[in-house]
Amino acid sequence: MSRRSAVERAIAALRTGRAVRIEGAEPLTFLSIETATPELLQAVDPENKAPLLLSGRRAAALSLASERDAADPARPVLIERQAWLDPSAALTLADPAQDFARAPIGPLKPLHLEANATAEAALDLARAAGLLPAVWLIPPNAAAVDVPLEELSGDAFRPEVTLLARARLPLEDMPETQIFAFRGSDDGQDHVALLVGAFGGKPPLIRLHSECLTGDVFGSLKCDCGPQLKEALRLIAAAGGGVLLYLRQEGRGIGLANKLRAYALQDRGLDTVEANLRLGFGDDERDYAHAAAILRKLGIEEVRLLTNNPRKVEALEAEGIKVAERVAHHMPANPHNADYLQVKRAKSGHLP
């Protein structure tokens, strides 16, 4: 079995409630607390001893930072299984969107964790699957999808893309446009490229647009994604041609359900960065290796990049795509997203 198919199968297993085993010097077998059924957990752990693995950030939010084995927010934390910690209570514990509604729960007893590298890889796989970074560690003899630890780190986890289909796509007030569908080798997600007009031998104007269901489809006022998408297409058309990549990175890469959890936390007073961190994710989990791979498949090695986010410039250049020019892409604020836009500038480094 190829490396990439093993990673993709592991992500699919977590999403469907099956167990994954990371092989290596310190192997771990685990289930997602979101998708594993109570019946499956009981079957693989009849004595109810499976401990709960949480991100260090989540442990800090639960006020465990004073415990020696839970004091580093960058490292996973193992929580002892106790009688009250059933699947329902564990999900309540792991989901910070419920922090302000539930009664206090506990006690929580952190355990010493030896397999830190494997544990970090387990939580990274959960994040890649769009799930909360919280898993049950179950006995090693449970049936599981195997993936070697070395395939989850460094360049070994770098994705490639495969062209699946292409077609003409007539769009209102746009030059001739083609749509391309590409599939990532790591998680099996499909990404789209809109190839607009002709470049005329110049570096094309490119927009890397991360999927936003709430903004792009429903017109949410909490972000500026919908207006950014429409304006990007207008600017690409005005430039005579270019490419818009529509990347499956909902909610800065944390997935739709987790983005809605972050929204709930924002309603309680947290900003978008604080909400992502409280969920156990980074402030921005997006990766632009897929974007660079798609551009190379389209024969594009140099671009003019439509963005206010310097991380996108750095990410493309790190992947070997030359950014000849950064083109500003500003949208007017509204009363619902003014604070969000300010946080992007102040905390995420977006340019004014």
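Given the structure is predicted, the values throughout are model-derived calculations rather than measurements.
E317 pairs by the salt bridge (charged side-chain N to carboxylate O under 4.0 Å, His left out) definition with nothing, not counting sequence neighbours. Residues meeting the side chain to side chain contact (heavy atoms under 4.5 Å, CB included) test with L169, sequence neighbours left out: L171, I179, L194. Under the side chain to side chain contact (heavy atoms under 4.5 Å, CB included) criterion, A134 pairs with I33, L54, A94, sequence neighbours left out. Partners of E176 according to the side chain to side chain donor-acceptor pair (under 3.5 Å) rule, which considers only residues two or more places apart in sequence or in another chain, do not exist here. Among residues two or more places apart in sequence or in another chain, the side chain to side chain donor-acceptor pair (under 3.5 Å) test is passed with D190 by R183. Listed by chain and residue number, I11, A129, Q189 satisfy the side chain to side chain contact (heavy atoms under 4.5 Å, CB included) test with R15 (two or more places apart in sequence, or in another chain). Among residues two or more places apart in sequence or in another chain, the ring-ring contact (aromatic ring centres under 6.0 Å, His included) test is passed with Y246 by H209. Applying the side chain to side chain contact (heavy atoms under 4.5 Å, CB included) test to A119 and every residue at least two apart in sequence or in another chain returns L28, L53, P76, L113. Qualifying side chain to side chain donor-acceptor pair (under 3.5 Å) partners for Q82, counting only residues two or more places apart in sequence or in other chains: none.
Between K222 and Q266 there is a side-chain heavy-atom pair separated by less than 4.5 Å. The shortest side-chain heavy-atom distance between P51 and W136 does not fall under the 4.5 Å cut-off.
Under the 3.5 Å distance criterion, the side-chain polar atoms of R127 are matched with a main-chain donor or acceptor of G280.
No single ILVMFWY cluster, assembled from side-chain heavy atoms under 4.5 Å apart, contains both L229 and Y288. When the side chains of ILVMFWY residues are joined at heavy-atom separations under 4.5 Å, either directly or via intervening members, L260 and L91 end up in two distinct hydrophobic clusters. Cluster annotation: L298 and V323 are assigned to the same hydrophobic cluster (Ile/Leu/Val/Met/Phe/Trp/Tyr, side-chain heavy-atom contacts under 4.5 Å, transitive). A continuous path of ILVMFWY side-chain contacts below 4.5 Å connects V196 to L306, so both sit in one hydrophobic cluster. A continuous path of ILVMFWY side-chain contacts below 4.5 Å connects Y263 to F218, so both sit in one hydrophobic cluster.
Listed by first and then second residue, the salt bridge (charged side-chain N to carboxylate O under 4.0 Å, His left out) pairs that reach into residues 31-46 are E34-R261, D45-R81, sequence neighbours excluded. Identified under the salt bridge (charged side-chain N to carboxylate O under 4.0 Å, His left out) test for residues 200-211, with sequence neighbours left out: E211-R248.
Side chains of T162 and K297: a donor-acceptor N/O pair is absent below 3.5 angstrom, by distance only. With no hydrogens or angles considered, no side-chain donor-acceptor pair links R57 and S55 at under 3.5 Å.
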Taking distance alone, no hydrogens or angles, what donor-acceptor pairs closer than 3.5 Å link side-chain atoms of residues 233-245 to residues at least two apart or in another chain?
from : atom 1 : to   : atom 2 : distance (Å)
R234 : NE     : E231 : OE1    : 3.0
R234 : NE     : E231 : OE2    : 3.3
R234 : NH2    : E231 : OE2    : 2.7

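Taking every heavy atom of both residues into account, T29 and P140 meet most closely at OG1-CA, 3.7 Å.
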- request: Evaluate the side-chain contact (heavy atoms from CB on, under 4.5 Å) criterion for residues R168 and T177: first the C-alpha distance (whole Å), next the side-chain angles of each, then the deciding distance (0.1 Å), finally the verdict.
  value: CA-CA 6 Å; R168 290 182 60 251; T177 300; over 6 Å; no
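Among the candidates L295, I206, L305, the single residue satisfying the side-chain contact (heavy atoms from CB on, under 4.5 Å) test with I321 is L295.
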